[in-house]
Amino acid sequence: SYKRISFLCADIVGFTAYSGKRGAEDIVDMLNSLFATFDQYCVEEQLYKVHTIGDAYVATTPLQSNRSAEESDRQLARIVIMAHRMIKH
């Protein structure tokens, strides 16, 4: 059983309208570049990328069954930092 797990679910605002005006190759290139950057953020913040689907990106804190409340707080802070970095990007 895992306690104190944090998830980050991100979706690109306006993606449907954006993709309707671009070619498939441009969209794939943009998403690959963006998600590669987000993957690097996960490494830097010691988070785990769960998956991407379409324009959605999901990450979580590492799964540990014996995490202290203090460590959970630090990992939650990493999720928040990553979300902020994603928004600024």
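Quantities reported herein were computed from a predicted structural model and do not represent experimental measurements.
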Contact list for residues 36-65, test salt bridge (charged side-chain N to carboxylate O under 4.0 Å, His left out), sequence neighbours left out: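 Passing the test, one end in residues 36-65: Asp39-Lys49, Glu44-Arg85, Glu45-Arg85.
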Is there a path of hydrophobic side-chain contacts, each under 4.5 Å between heavy atoms, that joins [X] and [Y]?
X	Y	result
Val58	Leu47	no
Val13	Met30	no
Val50	Leu63	yes

Whether the side chain of Thr61 engages the backbone of Ser6 through a donor-acceptor N/O pair (distance < 3.5 Å, no angle test) should be reported.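 Looks like yes, one N/O pair under 3.5 Å.
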Would you compute the distance between atom [atom1] of [X] and atom [atom2] of [Y] and round it to the nearest 0.5 angstrom?
X	Y	atom1	atom2	value
Leu76	Arg4	CG	CZ	12.0 Å
Ile27	Tyr18	CD1	OH	7.0 Å
Phe35	His51	CZ	NE2	10.0 Å
Leu8	Thr60	CG	OG1	9.5 Å
Arg78	Met82	CZ	CE	13.0 Å
Thr37	Asn32	OG1	CG	10.5 Å

Should the ring pair Tyr57 and Phe38 be called parallel, tilted or perpendicular, given that the plane angle runs from 0 to 90° and is split at 30 and 60?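 Tyr57 and Phe38: perpendicular rings.
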Indicate yes or no: at least one non-hydrogen side-chain atom of Leu31 is less than 4.5 angstrom from one of Thr52.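 In short, these two side chains do not touch, never coming nearer than 4.5 Å.
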Going through the checks in order, is the side-chain contact (heavy atoms from CB on, under 4.5 Å) test met by Gln40 and Val43? CA-CA 5 Å; Gln40 184 58 41; Val43 170; 4.3 Å; yes
